[in-house]
Amino acid sequence: MLELRSLSKSYAGKPLLRDVSFSVNAGETVCLLGASGSGKSTLLRMIAGLDFPERGRILFNKLDLAEIPPHLRDFGLVFQDYGLFPHLNVFDNVAFGLKMRNLPVEEIKPRVAALLKQMNLRGFDSRRVTDLSGGEQQRVALARALAPNPRLLMFDEPLGALDRSLKEDLLNQIRGILRRAKIPAIYVTHDQKEAFAVADRILILHDGVIVRDAAPQEIWRNPRSAFAAKLLGIGNVIEGEIVAENRVKTEFGIFSLGCPKKIGEKIQLLITECAEGEDAEEIQLTVEDVVFKRDQFQIQGSGGLTFLMNEAPQVGKVVAVKIKVQCLS
Amino acid sequence: MLWIPPLLFLTIFFFFPLFKIFNLAFDLRSVFERDNLQIIYRVSLFTFYQATLSTLLTFALGLPSAVLFSKFSFKGKSLLRALTAVPFMLPAVVVAAAFNSLFSYKFSSSIFQVFNLQPATFNFLLILLAHTFYNTTIVVRIVGNALAQLDPRMEASARVLGADGFRVGREIIFPLLRPALISSALLVFMFDFTSFGVILLLGGLNFATLEVEIYVRALQLPNLNLAALLSAIQLIFTLIFSMLYSRLINKMQTQSTPRFAPTRPPKTVKEKIFVGAMCGALFVFFLLPLISLPVRSLTRLEADRGQRGAVQYGLTADYYRELFVNRRGSLFYVPPVQAAVNSLGFAALTVLFSLALGHPAAYALAKPTRFEKILDPLLTLPLGASAVMMGLGFLLSFGRLIASPIFIPIAHTLVALPFVIRALQPALASVPERLRQAAATLGASPFRVWQTVDFPILSRAAASAAAFAFTVSLGEFGATLLITRPEYPTIPVAIARFLSQPGGLNYGQATAMATLLLILTTLSILIIEKMRFNNVGEW
């Protein structure tokens, strides 16, 4: 449906996005993950038509959008701090997109009422948006974006300004809506939890380039780059040096694995807990700290490595941990 | 008890004259006299008419300027912004003289011949332009601020939801700017409504606004009942406007937290043309009068004394030299430069009076008791009264005593006092009580506490307040014109007299005197800006 072909854009003379290409298919939710300032929001603004790429094309249903102004694109956009119209009440905010399409009042009223009900905002019609809580405001913003039945929904860190418990509620609501409505969506965030919760596919943006484009479970199993592993909080990233063929020396011992590098070169490795039935290495670790995490314990060991364990060892004891080691690029 | 001296001062010199005016105004026999009613109707109508046109013209220039300053960054922006702000602080007589001088050159007077304008129409146009000249900065500040605080996501959201450019403006931007638009319009309208010096000096008695008519009925064609009645009407209108204004301001403050959108250089061709054209227009409009005045004061443009015919051109310092000569048959009994000496003396006294009275008042208002809270509106009430009206009040109240020149700085103090209190009060309120207590527990006597804690904080605010009082006094025209005696002219009064007389020499001296005042006020404006306490003392 949506297709981006080698988009480039610079900001203040420096390249912000370089040859970014990806597509979003019908009914699919794509999560765009990257550090702040990596150009995620700019990408969304370009898709919405509020900003322009220096090179490259944006197509929707094979149609080039370059000449189509934002108000004719039929896309929805939800901002981090809602962007609600402070001079309009809840009803008029939600109805705004419908009014802009010159729909008759008889059609607007039931549509808005249904959306407010769906968002648990029944009876909020005439409330001032400035009097609402953050969570309520974001639900109004969501209803407002959904009202005109957009062909594509975009979220720009929609939960960034909310506290944690609200975040999870709203995240589930967004998930439900996206699943049911089957609207293709792009969800921008820097929070890996949100990304894993809503995404059919995750795109990782780093230094203006898409460095990874894969399903969440795939990325979790094999993040490939040290940047992706750190951004997503997967396992431990450590340094090593290739000392012989299939031999990597680290401060935790020498591991045997094949990496596409020459002898003498430095390399980054990913160390994760070992799943059942996998090839395992074993290391000895002095326990420095134990933190309770839901039904497991996070063990912090010497050298800054952390692992999740089912039982809590004593601090100061040496334990053996079965691990999986992967090369990263 | 600190509030007693300022309150006493206001009672004698403001409320008592005000009472006198109202007493005279509502003498029922005169209220319903047919001639009076006709004059009131005609004058009020014209006042509204000229104020409305002036406000419209101010917005025609002010709105694009507000967009220019709030959206774009470009070279020389802060300089251009400062240039548009200077006229607001300039005395009305200087503005009038500057606009007058613009069209005293040969080439520029031919401009209006081309358009075949009647002199009266031309003068009216000049009045509107002069009002625009000093009020544009109000629109730039209030609307520009609102524009800069307009969340850019509002527009983005509306666009994505299907609003085209026109509907974004009508449904989103205009409603969000409405409070700023209305409040700045009210403020500009109020200043235009009470404008006196500009109208009198550029239009003469032909353009009878309420202010001008009060002056005429007080001194030229005496009818004190009518003058008082007009003053009362004027006061009622200004009170209504200021009440509307303060209600709007309160509304604006309850709006959500401001966030400033960053400015950026113009990008598209359209934007570049807009920025270039606006910069050029503002530069010319605001700089030309300010340059034209001093240049004209140094240029000979008339025939030599006693010689008919040949007009002499060239640079000359004659007009300045002439200021020191006491000619027989001149306008004054003293050399004209005496006006400058008088003005400086009155200004110094005004600074003294207004600081002496403003300081205790500001102390009382900084930590008010319940009773002192009611004082605040009382102390600021003189702001609502026009200067001409104060002059009339003095005439009605003090009879022969008015011959004493001391009433001039007293009138100036009335005008300056509210500003002085407004400048001092926040500075005083900002001194933490704990600092005073700490100093006291360390063994400082009350005087030492004041000297070591209050004084350093207060001195900057006091310097700014003093410069403000000084500027107000130097430029004050309306009240002075009504109560002054020929022996004690001030600079603005002297300029007005020179302008009202025929002859190149008189005209030249007017421009020389106005240039002097321009320089003096610009210097005090610089001091005020330097010493301003945390940006307080705005409207």
Side-chain angles (χ1 to χ4, degrees), chain A residues 11-12 41-42 44-52 68-88 92-103 128-132 137 140-157, chain B residues 71-74 143 145-183 247-272:
Chain A
Y11 180 75
S41 301
T42 309
L44 285 197
R45 290 176 58 82
M46 290 196 294
I47 297 169
L50 300 165
D51 210 333
F52 304 97
I68 300 178
H71 64 278
L72 299 178
R73 293 193 180 190
D74 247 340
F75 294 166
L77 180 55
V78 179
F79 290 109
Q80 173 173 357
D81 18 28
Y82 331 127
L84 294 177
F85 305 131
H87 60 297
L88 301 179
D92 287 328
N93 262 283
V94 177
F96 189 85
L98 302 170
K99 282 183 185 159
M100 290 306 115
R101 283 162 181 76
N102 297 318
L103 293 181
R128 290 168 46 137
V129 289
T130 43
D131 293 342
L132 303 182
Q137 289 194 43
V140 175
L142 206 54
R144 185 179 70 174
L146 283 169
N149 270 325
R151 303 188 291 171
L152 172 77
L153 260 177
M154 290 178 277
F155 298 87
D156 191 357
E157 311 221 0
Chain B
K71 291 280 174 230
F72 298 109
S73 54
F74 49 89
V143 179
N145 247 349
L147 264 174
Q149 289 178 26
L150 203 65
D151 189 341
R153 256 154 302 199
M154 294 296 114
E155 191 185 336
S157 298
R159 297 274 279 156
V160 174
L161 284 166
D164 56 26
F166 172 73
R167 290 184 100 172
V168 169
R170 197 183 65 183
E171 312 267 345
I172 305 296
I173 295 180
F174 176 70
L176 290 176
L177 287 185
R178 191 158 34 205
L181 288 172
I182 298 177
S183 63
R247 270 183 63 180
L248 261 172
I249 290 291
N250 286 337
K251 237 192 209 164
M252 280 167 81
Q253 278 163 350
T254 57
Q255 276 191 354
S256 52
T257 47
R259 51 187 315 155
F260 287 91
T263 55
R264 57 171 177 80
K267 272 189 218 150
T268 62
V269 178
K270 251 194 206 164
E271 287 175 354
K272 279 180 184 156

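Residue numbering restarts at 1 for every chain, and letters A, B, ... go by the order of the sequence lines. Everything numeric in this text was worked out from a predicted model, so none of it was measured.
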- Contact part of A:L50 toward chain B, heavy-atom cut-off under 4.5 Å: side chain, backbone, both or neither? side chain

- Is the closest side-chain heavy-atom distance between A:F75 and A:R151 below 4.5 Å? yes

- Task: Using the test side chain to side chain donor-acceptor pair (under 3.5 Å), find all partners of A:R101 that sit at least two apart in sequence or belong to another chain.
- Result: A:D74

- Query: What part of B:R167 is in contact with chain A, defined as an atom under 4.5 angstrom from a non-hydrogen atom: side chain, backbone, both or neither?
  - Reply: side chain

- Query: Mind checking whether A:V94 and A:L146 have side chains closer than 4.5 Å, heavy atoms only?
  - Reply: no

- Message: With heavy-atom distances below 4.5 Å as the criterion, would you say the side chains of B:I172 and A:H87 are in contact?
- Response: yes

- Highest number of heavy-atom pairs under 4.5 Å with chain B among A:R73, A:K99, A:R45, A:R144 belongs to A:R144

- Task: Against chain B, label A:L84 side chain, backbone, both or neither, depending on which of its atoms sit under 4.5 Å from a heavy atom there.
- Result: backbone

- Item | Segment of A:F79 engaging chain B (4.5 angstrom heavy-atom cut-off) | side chain

- Atom group of B:E155 that falls short of 4.5 Å from chain A, counting heavy atoms: neither

- Message: In the structure I gave you, are the side-chain heavy atoms of B:I173 and B:V168 within less than 4.5 Å of one another anywhere?
- Response: yes

